[in-house]
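Values below: all heavy atoms of this structure, side chains included; hydrogens, waters and symmetry mates excluded. Sequence lines set the chain letters: A, B, ... in the order given, protein chains first and strands last, and positions in each chain run from 1.
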Amino acid sequence: MDYFIDVVVPLSLATTFTYKVSQAEHQFLQPGMRVAVPFGKRLVYTAIVWAKHHETPALYEPKDILTIIDEQPIATPIQLEFWQWIANYYMCSLGEVYKAALPSAFLLESETILSLNTHLTVDLSTLTDDEYLLFEAFEQQPILRFDEVQNILNKKKVFHVIDALLQKEIIYLNQHIHEKYKPKLVKYVALHENYKEEQKLIHLLDHQLKTEKQRALVLKYFQLQAKNTPIALKELLKEAEVSAAIFSNLEKKEIFTVYTLAEDRVQFNDAFLDDIDFTQKQQATLQNIQTSFQKHDVTLLNAVTGSGKTEMYIELIKEAVQNQQQVLFLVPEIGLTTQLVQRLTAYFGNKVAVYNSKYSENERVEVYHHVLNHTENAQIVIGSRSSVFLPFKNLQLIIIDEEHEASYKQADPAPRFHARDAAIVLAKMFKAKVLVGSATPSLESYYNAYQQKYGYVELNQRFTNVQLPEVVVVDLKEARKKKEINGFFSIKLIDAMNEAFYNGEQVLLFQNRRGFSPVLECLTCGHVPHCTMCDVSLTYYKRQNYLKCHYCGYTMAMPTKCHSCHSNELSTKGLGTEQIEDALRTIFPNKNIARMDQDTTRGKFAFERLIDGFKNREIDVMVGTQMLAKGLDFDNVTLVGIMNADSLLTLPDFRAYERAYQLLTQVAGRSGRKNKQGKVIIQTYNPYHNTIQQVTQNNYQAMFKEQMYERLHFKYPPFYRLIRLQLKHTNFDKTKDAAQWLATNLRSNIADILVLGPQEPSVNRIRNKYIQIILVKMPINKSAHSLKASIQKSINSLDSIGTFKAVRTKINVDFY
DNA sequence: AGCACGCCGACT
DNA sequence: GTCGGCGTGCTC
């Protein structure tokens with residue numbers, strides 16, 4: 001009998017691949033274990049075992065695997081089932097899910113290593129120039145990596161040179177696989193065994209220590225030893241306040257020895273438990289959630305900002321933790337959750353682990369292992385969307401905070417999954433409970449609650465007598481007419497800022513655009529500089545004095561003359577955060593002004609530094625983009641200004657009004673503090689716009705009703721499922737023809753769906769590739785599964801047409 | 001997705 | 001003649 005395994009390779013390929021194994025290997029291997037397999041001519045991939053069987057493939061000769069990597073599966077059966085669901089639902093390959101699901105350090109790199117055959121005398125006259133050059137390099141250094149060869153020959157295509165040397169047996173080749181994960185080693189200190197006996201110890205203390213510093217070091221050692229935990233060298237030196245030189249001296253004299261242990265990077269200080277002071281209202285809400293969980297697996301918690309949502313979460317987590325269950329706490333963007341992590345660790349100490357892409361690979365691997373082994377150290381995982389892929393064993397509670405956030409939906413690369421929706425499916429597999437929370441729920445979730453598919457709990461009272469802020473709308477047209485305006489700032493806004501400053505309070509200003517101004521225009525001929533590779537105008541940055549593309553990052557120096565007519569009358573149009581910052585400095589020259597957007601929060605701690613500066617009240621005004629809206633709690637902000645609400649209302653997106661409502665409400669929620677009502681000023685040219693009115697009246701219901709009507713009428717979610725197909729190619733006509741062909745094919749072959757387009761997106765060229773969009777809508781009550789299969793079929797036919805092969809199709813299910 | 005292979009035009 | 005550009009096909 002022959003033995004085979006089917007494996008998933010980390011590529012975007014639709015099928016699994018079959019390899020041959022020995023009987024012993026077959027017995028040992030289980031689905032979820034990693035194996036290294038040869039793939040194609042010279043690649044090695046870390047594949048994951050999907051299935052075992054005895055069916056000999058008819059059409060090809062299976063290769064053998066190279067090695068087994070794991071002793072135990074690193075993916076659980078539930079995970080593999082979950083991967084399959086993601087691949088089916090979001091129409092992508094298992095390989096793409098596999099790649100997204102594991103920390104990339106688990107996907108071992110294959111590295112080709114070339115070594116010199118030292119037993120051979122080489123006839124140099126038979127070598128070409130390149131071959132000779134490479135041979136010389138080998139004589140210097142007998143082992144070379146592939147990329148080193150590329151450097152030596154100073155070109156990319158080096159295979160033929162290597163091949164030639166391989167043929168002549170001058171060099172040989174071996175695959176070298178290495179784990180990327182290295183545990184961090186920490187040096188610990190122990191007294192040398194010479195001093196185990198008390199006699200000698202006394203002798204040491206009395207006679208052998210020559211200096212005060214040496215004595216201090218040894219005494220501190222004994223002091224720390226009393227705690228009965230390993231003593232880290234670093235800690236000892238710090239506590240004793242001596243330098244490393246003094247220690248190494250004692251080490252040489254064989255008084256101390258050093259040993260190393262692997263240290264977990266992910267460590268927090270011990271918990272200090274604090275009882276939460278619950279208002280009656282909160283107590284009742286908690287009760288309501290628990291009652292709702294008895295009937296519904298998913299419950300929506302609609303809680304206004306500042307109502308003590310987090311305390312509610314903590315209580316629920318406490319219960320799960322007491323029962324040894326695992327908890328997943330999903331958050332939209334981890335950079336903004338430092339405050340949350342601090343609060344949870346205060347209650348649960350080391351039981352809390354954080355999992356997100358901003359942490360290092362090694363930290364991710366550690367959390368993964370902790371979850372896999374169901375250790376205490378990761379009973380509660382706070383994480384961004386990728387943490388739904390962790391290898392949970394006993395997951396019983398999932399909390400999804402700020403559930404309406406669009407960043408839960410992954411856009412690129414595949415799998416283009418929605419973490420909220422995926423988490424709900426995952427919960428079903430575990431029979432776990434899900435709490436989705438928001439102050440401004442997504443229409444989808446609210447509708448689910450409305451239809452009683454989800455349970456629903458409301459908490460509409462703020463925690464500590466903080467009233468909801470007063471919202472004032474300023475009509476910019478009117479203000480301009482009456483000359484009640486100073487640049488971009490209405491007099492009302494300036495007055496309110498002055499009042500806040502007078503009271504020693506802080507101000508947040510929101511503007512949806514970064515840079516100085518999004519358009520540079522020639523006043524003579526109207527020419528606007530565009531990105532050379534994308535169909536967008538370049539954003540002007542005054543500080544750096546350059547123009548930058550927000551799609552591909554291309555920059556060019558600020559022109560002094562118009563490229564088209566050489567006029568030097570260039571003017572900026574439109575408003576970005578940088579320009580507001582500048583204008584503020586002229587109006588309030590002695591106030592501290594800071595800016596928070598993608599451009600100022602680069603680097604690991606830039607964000608924290610800004611937040612800390614603001615918290616410590618070193619900053620009077622913070623100008624920022626959406627980032628300001630995301631769950632930051634400042635206790636001294638009494639005024640929030642929205643520079644121009646219209647930019648939110650004119651976005652070409654069926655969710656624009658919903659998003660505008662959510663964003664404005666969230667930003668507004670930053671205003672107000674204990675015992676003082678906050679103020680929000682919204683500047684707009686459309687003061688009577690429904691959405692603006694709904695925000696000022698804090699009327700979610702009205703927004704919900706209006707938008708649901710629109711969604712039903714124009715056939716959008718939650719009544720219809722959306723699948724967005726994007727076609728991309730360097731040739732405009734080819735892209736368009738392919739899109740036309742596909743749209744026609746979809747229309748004629750699939751009943752029950754609506755096909756819109758093809759159309760060009762508002763930015764129709766990115767990085768020199770043209771884009772066409774087809775939007776497929778299907779009624780929510782039709783079986784999505786078979787319709788998706790038909791769509792896939794159409795795309796496959798497109799791929800099989802010669803001229804359209806090079807056109808890339810991206811599928812985005814539940815497009816956001 | 002990578003990556004090799006093969007075909008074609010552009011240069012030492 | 002070789003180099004490198006791009007289109008095509010394959011990966012167990």
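For the pair A:Trp50 CH2 and C:dC12 C1', the interatomic distance rounds to 17 Å; values are reported in whole Å. We find that CG of A:Leu94 is positioned 18 Å from P of C:dC12, with the value rounded to whole Å. When rounded to the nearest whole Å, the span between NE2 of A:His729 and C1' of C:dC6 equals 10 Å. C:dC12 atom P lies 19 Å from atom CD1 of A:Ile48, rounded to whole Å. Rounded to an integer number of Å, the gap from CG of A:Asp412 to P of B:dA1 is 10 Å. Put simply, CD1 on A:Ile801 is 16 Å from C1' on C:dT8, counting in whole angstrom units. When rounded to the nearest whole Å, the span between OH of A:Tyr45 and C1' of C:dC10 equals 12 Å. Distance A:Phe804 CZ to C:dT8 P: 13 Å, rounded to the nearest Å.
Annotation: side chain of A:Leu13 is in contact with side chain of A:Phe17 (closest heavy-atom distance under 4.5 Å).
Of the charged side-chain nitrogens involved, none lies within less than 4.0 Å of a carboxylate oxygen, so that A:Asp814 and A:Arg416 do not count as a salt-bridged pair. By the 4.0 Å N-to-carboxylate-O rule, A:Lys20 lies too far from A:Asp64 to be salt-bridged with it. With respect to A:Arg655 and A:Glu444, a salt bridge is recorded, a charged nitrogen being found less than 4.0 Å from a carboxylate O.
Across residues 3-22 of chain A, A:Leu11, A:Ser12, A:Leu13 each have a non-hydrogen atom less than 4.0 Å from an atom of DNA chain B (numbered order).
Sorted by first and then second residue, the side chain to side chain donor-acceptor pair (under 3.5 Å) pairs with a member in residues 782-793 of chain A read A:Gln792-A:Asn796; sequence neighbours excluded.
If you check every strand for non-hydrogen atoms under 4.0 Å, A:Pro62 touches sugar and phosphate atoms only.
The ring pair (Phe, Tyr, Trp, His ring centres under 6.0 Å) with A:Phe417 is formed by just one residue from the set A:Trp83, A:Phe389, A:Trp85; it is A:Phe389.
Residue A:Lys805 has no polar side-chain atom (N or O) positioned under 4.0 Å from OP1 or OP2 of C:dG7.
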